[in-house]
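Values in this document were obtained by computation on a predicted structure and should not be read as measured data.
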Number of protein chains: 2
Amino acid sequence: MAQENVPSKDHWLSIGEIAARSGVAASALRFYEDQGLIHSRRTSGNQRQYQRSTLRRVAFVQAAQRVGLALSEIKQALDSLPDDRTPTRADWSRLSKSWRSRLDQRIAELERLRDDLDGCIGCGCLSLQRCNLYNKSDRLAERGPGARILNVGIPGESTAPGVGTRL
Amino acid sequence: MAQENVPSKDHWLSIGEIAARSGVAASALRFYEDQGLIHSRRTSGNQRQYQRSTLRRVAFVQAAQRVGLALSEIKQALDSLPDDRTPTRADWSRLSKSWRSRLDQRIAELERLRDDLDGCIGCGCLSLQRCNLYNKSDRLAERGPGARILNVGIPGESTAPGVGTRL
DNA sequence: ACCAAGGTTCAAGGGGACTTCAGGTCTTGC
DNA sequence: GCAAGACCTGAAGTCCCCTTGAACCTTGGT
């Protein structure tokens, strides 16, 4: 654990180093690689070597996960970065710009939720018919959280029960 | 005015009704019940009957999930509500207050994330060692793998063109 | 040369949040 | 009084995101 300050451009990092620095377990990194979120080259002895920029990719994955995105989506975003060369400032900038809107969206959503909570449940009002929480969260939650994302399942399931609104 | 305001206190709802009005599948409701998030009594024929207030519990669950809380955590919050009687304004108020701070926390977190993204990744800086994104995303803030927040509500929105390899 | 630390693959396991299925029961409307 | 539809249970299946384990190979320091 030395020399991390040395900006040697072609300093490749082992999986253990990436793990240590990103805080992500090596097993998770291998998993990410399987999923195509990160990439490595191999040493003659078949051990993984990552570019430094991988750290940033991993950080991005973590960040995106915190926002609630699935790995498959994150992969899509990362796919827009060049594999062949280290991403430039512009590359990341472009990517981050598009994600900012997602973040903003999500933040707005949470703020709305908070306000609704204060205004509706918080006040204990019983007029749930006009409650934002309800009107928001019913259709909003297409298919509950948990694991799957949009695409999965949702066979002819009824849902959208006319939004009873009447509690 | 509305008939449904008539305080027929003992109007119990079937699981199908709860499902229709909350937009949550009956199977999910049974699951929630298994997990102790909601409760029911049974008819002589062993079918579930829920109090109206269950709708609010379910709404709360949905809302909390959107914030990224795990069911177990949500259960803890709900456990502070009385089982035996319909929660009062004060009950909900107490609960929502504690929850609000979580929401605020989470919102702040996302804002920080957004700013970091702009400031660190966005700018393409290479000083990842001091990068907030890194120092932040280390394990402790996260409650581990498992419940992921789902990003619903942006079905058509396809951020990454994907095809062009450029975002 | 040796050995421990760190890596590799592949397979299976696990937690969270549900859904689906099979087979049987209850309720309701005609 | 009967068929259709709603509901019940328990077990198994699914998705996602990893972790753990077994068995073996590579690297690096003394």
In whole Å, what is the span from the CZ atom of R42(B) to the C1' atom of dT25(C)? 13 Å
Results of side chain to side chain contact (heavy atoms under 4.5 Å, CB included) for Q47(A) - residues two or more places apart only: T43(A)
Does the side chain of Y32(A) get closer than 4.0 angstrom to OP1 or OP2 of dC17(D) through an N or O atom? no
Who are the side chain to side chain contact (heavy atoms under 4.5 Å, CB included) partners of N46(B), not counting sequence neighbours? R42(B)
Note: for A26(A) and R30(B) on DNA chain D, the residue whose nearest nucleotide lies more 5' is R30(B)
Whole-Å distance separating the CG atom of L13(A) from the C1' atom of dG7(C): 15 Å
What's the CZ-C1' distance between F31(A) and dT9(C), to the nearest Å? 16 Å
Distances under 3.5 Å only, N/O to N/O: pair up the protein atoms with those of nucleotides 26-30 of chain D.
unit_1	atom_1	unit_2	atom_2	d
dT26(D)	O4'	Q47(A)	NE2	3.4

Closer than 4.0 Å, any side-chain N/O of Q62(B) to the OP1 or OP2 of dA17(C)? no
First locate atom CG of L71(A), then atom CD of Q76(A), and finally report the distance between them rounded to the nearest 0.5 Å. 12.0 Å
Taken to the nearest 0.5 Å, the spacing of R41(A) CZ from Y50(A) OH works out to 13.0 Å
Mapping Q35(A) and G16(B) onto DNA chain D by nearest heavy atom, which one lands closer to the 5' end? G16(B)
Using only side-chain N and O atoms of R48(B), determine if any of them is under 4.0 Å from OP1 or OP2 of dC8(D). yes
Between the protein and nucleotides 1-5 of chain C, which nitrogen or oxygen pairs come in under 3.5 angstrom?
none

Which whole-number value in Å describes the distance from I15(B) CD1 to dC26(C) P? 17 Å
Looking at CG of L37(A) and OG1 of T54(A), how far apart are the two atoms once the value is rounded to the nearest 0.5 Å? 11.5 Å
salt_bridge(R30(A), D34(A)) N-O dist < 4.0 Å: no
May I have the distance from L29(B) (atom CG) to dC7(D) (atom P), rounded to whole angstrom? 10 Å
Mind calculating the distance between CD (Q65(A)) and C1' (dC16(D)) to the nearest angstrom? 10 Å
Kindly say if S14(A) contacts the phosphate of dG6(C), meaning a side-chain N or O under 4.0 Å from OP1 or OP2. no
Salt bridge (Lys or Arg N to Asp or Glu O under 4.0 Å) against E33(A), all qualifying residues, sequence neighbours excluded: R48(A)
d(OH, Y50(B); C1', dC7(D)) in whole Å: 11 Å
Taking every non-hydrogen atom, the tightest pair across I74(B) and Q65(B): CD1-CG, 3.7 Å
Measuring from atom CD1 of I18(A) to atom CH2 of W12(A), what distance do you get when rounded to the nearest 0.5 angstrom? 10.5 Å
For S27(A) and dT20(D), is the shortest distance between a side-chain N/O and OP1 or OP2 below 4.0 Å? no
What is the separation between atom CZ on R41(A) and atom C1' on dG7(C), rounded to the nearest whole Å? 16 Å
Heavy-atom closest contact (L110(B) atom, L110(A) atom, distance): CD1-CD1, 3.8 Å
